[in-house]
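Residue numbering restarts at 1 for every chain, and letters A, B, ... go by the order of the sequence lines.
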Amino acid sequence: MVLSKLVFGNHHFEPGDEYIRFQHRFACVLLLFSTTVTSIFVIAALAGAADLHPYYLWGGEIYCVVFLGCYVAVRSHPAHLPRIMVPGMLVSFFLEAIAFFYNTADELRILWFPLSIPSAYLLIGSWAGNLLTAISIGFVIVANSYLPVPYSPTAITTIVTATLYIAAVFRAFADRSVSFHVAMVEARETAVIAHRHAEQALKEVAMLLDNSGQGFLFFGPDLVVHGRYSRACVSALGREPEGHSVDALLFENAPDTRALMRRSIASACAAWEAGTPIRAEVYLSLLPRSLSIGDHYLSAQYIAVDGGVMVVLSDVTERKRLNDTVERERHRMEMVLAAVTDQDDFFAAVDDFRRFIADGAAAWGDRAPSELYRAIHTFKGTFSQFSFERLPAQLHEVETQLRDLAEMPPSTQVAGMVFSVDWLNLMEADLAVITQALGADFVERRGVVTIDPEQAISFERFANRHLRAGDLPNDEQPVLMDLSRIRQASLRHALLDYERMARRMAERLGKEIDRFEVFGTDIRIDPDRFGPFLRSLGHVFRNAVDHGIEAADIREDVGKPPGGVISCCIGRTADGIVVEISDDGAGIDEAGLRLRARDMALENAPLADLVFHDGLSSRKEANPWSGRGVGMAAVQAAIQELGGNIIIATTPGQGTTFTFRLPAESCQVAA
Amino acid sequence: MLPTSVSVLVVDDSRVAQKRLAALLEEFGYQVVGLASDGAEAVGKFQALRPDMITMDITMPGMDGIVATRRIMEACPSAVVVMVSSHGQEAMVLDALDAGAKDYIIKTVEKETLRDTLQKIVIRHILKPSRPA
């Protein structure tokens with residue numbers, strides 16, 4: 001390294017200048033070597049150890065000085081090499097000419113002429129080589145005749161031929177070298193430009209992908225992620241993915257999914273290779289499209305491409321959190337709404353479940369697991385309809401376990417499994433939503449917000465006094481009006497409140513309700529007096545859904561629209577109010593009812609008496625919601641209490657209408 | 001494009017699931033030409049009916065859907081067997097695909113999605129049978 005610097009100087013050659021570098025080094029070595037060898041001869045001659053002709057000695061001295069000068073110049077200015085070498089060429093021809101005349105004949109002095117031609121071609125250029133060749137040949141031919149012992153014409157012919165041959169070879173060689181060098185430099189430049197373009201293009205693509213907000217990565221059939229991926233991958237995956245196995249990156253703690261991934265990727269890659277991209281797509285579609293890493297939720301897309309699979313990752317954490325919050329909030333609202341609007345059913349379900357928990361495993365020791373399974377299933381349905389958050393999921397889990405045990409004989413073990421769950425705690429946790437929304441005592445009070453009757457009466461008196469006196473500001477008037485009627489309820493709303501119940505029940509029975517309507521002008525009623533009657537109407541609606549309205553397919557068979565209609569009509573008459581509740585269902589099997597009533601000697605009674613008679617039902621089987629006759633008897637009792645009456649009109653296949661007539665007392669038309 | 005006159009053999013060990021899928025297929029316009037309740041019956045009915053498509057349940061008593069698919073593919077490599085799966089059965093679907101099933105549908109998806117998936121399968125495998133897959 002040090003020697004190289006010493007001999008060639010400290011130069012930097014650009015890539016592509018390899019040929020110039022070669023010329024430089026070649027010239028340095030040539031000049032140094034020639035100078036050294038000639039110097040040895042000169043010194044030897046001066047010391048008397050060699051016998052040289054004085055002219056030849058002088059020539060040698062001049063030669064050494066010029067060559068040394070050329071070397072120094074070339075070493076420091078490689079760019080000027082061809083020009084620097086011209087004097088070198090001339091001085092060496094000069095020394096050859098002297099040697100030709102003053103050396104002894106057997107030294108083959110003539111050989112020097114062709115031997116210096118190659119370096120002229122290689123270091124200076126073709127013109128110098130051509131010139132040196134011409135001069136050398138001319139000189140040998142002319143000078144030969146002046147020699148004391150000339151070469152024979154044959155020898156001269158040989159040396160001229162040899163000179164021409166060497167000149168031709170090196171001329172061709174030098175020309176080729178230069179043109180190869182030029183071609184190489186050009187190719188190199190083209191490559192550099194292409195490389196720059198490619199780098200720019202790559203940078204632009206990377207910029208687009210990096211700023212797309214999505215993670216793009218690529219891996220081959222070995223599942224190892226390649227080095228090019230978009231920046232979003234790092235934040236989504238929590239680390240640089242390069243060199244990692246993609247199944248470990250995406251599903252680190254799910255060995256089954258990882259195994260699935262390895263298999264489907266292998267199959268997809270094979271399918272792609274086999275020219276069946278559709279099949280590759282089918283294999284890839286088996287992979288999970290949503291996943292979570294750390295606290296990030298990602299959606300993933302897998303696309304088969306040449307040589308592997310690319311994955312597109314989107315971070316959906318924000319969206320998912322928002323959705324979850326909205327979903328949870330919606331669920332809570334639904335539950336609160338259910339608790340407020342369906343208080344009776346809601347709290348009945350809660351009470352049923354409390355009883356179920358209190359009875360515990362002991363109550364099921366001698367009953368078939370299938371019964372317990374059905375009970376759990378019913379609870380699950382009920383609580384999910386009321387949008388409980390935790391209870392339905394847990395019930396579902398237990399139900400799934402029970403399904404496989406349903407055929408087993410009764411055992412306390414199965415029941416023990418069911419009651420090992422802390423049901424009470426789960427339910428309390430769910431009910432906490434309601435306590436939060438509606439206050440701590442809502443659940444305890446079964447949803448009713450109560451003020452005591454004396455308070456209500458004193459509110460009314462207060463309001464009426466100020467309404468009469470007109471001594472409060474006008475904007476207080478609506479409040480006063482409301483207060484004056486605090487104990488009165490809207491009949492219209494009382495009827496509309498049954499819509500949810502009717503629809504829910506229809507859903508359970510697999511039927512459809514198209515419309516639930518209330519017509520007529522609203523009437524304010526005293527809930528104390530009308531309460532039992534309004535509550536008993538639940539039985540009428542239940543009957544309308546259960547026995548009246550038919551299942552959708554049956555309705556379509558008889559040419560009705562699939563969804564049934566329940567309509568209520570409120571009206572006033574001279575002596576009171578009328579409430580009609582109709583359905584467009586199958587009607588009551590009046591003939592069948594009369595047939596069964598014969599035993600009780602009731603066959604000629606009005607239809608209403610039969611329908612409302614305890615223990616009579618037009619259908620043989622009963623279900624939990626209706627059909628036991630007992631409910632309808634309660635309706636009749638309530639209406640009689642109010643001094644009213646009921647008329648039932650039914651047309652088979654067309655529907656049934658219940659008409660309730662009530663005396664006018666304590667009814668008042670709503671303002 | 002309606003999948004008119006695409007004949008389908010529905011294979012499922014549950015009568016309810018059979019009926020449900022058959023009803024949906026008919027609603028979509030397919031011709032359900034046969035029902036089978038296990039793998040062996042499926043292979044037999046396939047031989048007899050040569051339907052355009054077979055919807056194959058995976059888990060069935062006796063010969064399961066994967067073995068039945070393999071049998072059908074041995075007899076007729078161009079048969080279009082579509083697995084009927086649920087979430088969590090991906091590994092079994094992979095087995096079935098390896099056995100030669102063309103694609104799969106998921107039981108619990110919405111009706112529209114099912115219709116689209118089936119239509120995609122018909123376009124890919126029945127209307128363009130020249131395309132290998």
* Asked: What is the distance from atom CD1 of B:I121 to atom CD1 of A:I278, rounded to the nearest 0.5 Å?
  ->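 B:I121 CD1 to A:I278 CD1: 11.0 Å, rounded to 0.5 Å.
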
* Quick one: pull up CG in B:D103 and OH in A:Y283 and give me the separation to the nearest 0.5 Å. =>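 Output value for this atom pair is 11.0 Å.
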
Atom [atom1] of [X] with >12 non-hydrogen neighbours under 6.0 angstrom:
X: A:Y297; atom1: OH; result: no
X: A:H296; atom1: NE2; result: yes
X: B:E110; atom1: CD; result: no
X: B:K19; atom1: NZ; result: no
X: A:R555; atom1: CZ; result: yes

* Derivation and outcome, salt bridge (Lys or Arg N to Asp or Glu O under 4.0 Å), residues A:R263 and B:E90 -> CA-CA 11 Å; A:R263 276 189 64 194; B:E90 286 82 359; over 6 Å; no

* Asked: What option among A:L286, A:L287, A:D256 has the most heavy-atom pairs under 4.5 Å with chain B?
  ->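 Max contact count across the listed options: A:L286.
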
* Contact leader toward chain B among A:S285, A:A274, A:P288, where contacts are heavy-atom pairs under 4.5 Å ->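 Greatest number of close heavy-atom pairs with chain B: A:S285.
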
Indicate every side-chain donor-acceptor pair of residues 51-58 of chain B with a distance under 3.5 Å to a residue at least two apart or in another chain.
| residue | atom | partner | partner atom | Å |
| --- | --- | --- | --- | --- |
| B:D52 | OD2 | B:S7 | N | 2.9 |
| B:D52 | OD2 | B:S7 | OG | 3.2 |

* Between B:R124 and A:E281, which heavy-atom pair has the shortest distance, and what is it? ->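 Closest approach of B:R124 to A:E281, heavy atoms only: NH2-OE2, 2.8 Å.
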
* To do: Identify the heavy atoms of B:D98 and A:S267 that sit nearest to each other, and give their distance.
  =>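 Taking every non-hydrogen atom into account, OD1-OG, 3.9 Å.
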
* Derivation of the side chain to side chain contact (heavy atoms under 4.5 Å, CB included) call for B:K102 and A:V282 -> CA-CA 8 Å; B:K102 295 286 187 285; A:V282 173; over 6 Å; no

* How would you list, in number order, the residues of residues 316-325 of chain A that have a heavy atom less than 4.5 Å from chain B? ->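 Listed by number: none.
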
* **Proximity breakdown for A:T257 and chain B, heavy-atom pairs closer than 4.5 Å** =>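 Neither part, no heavy atoms under 4.5 Å.
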
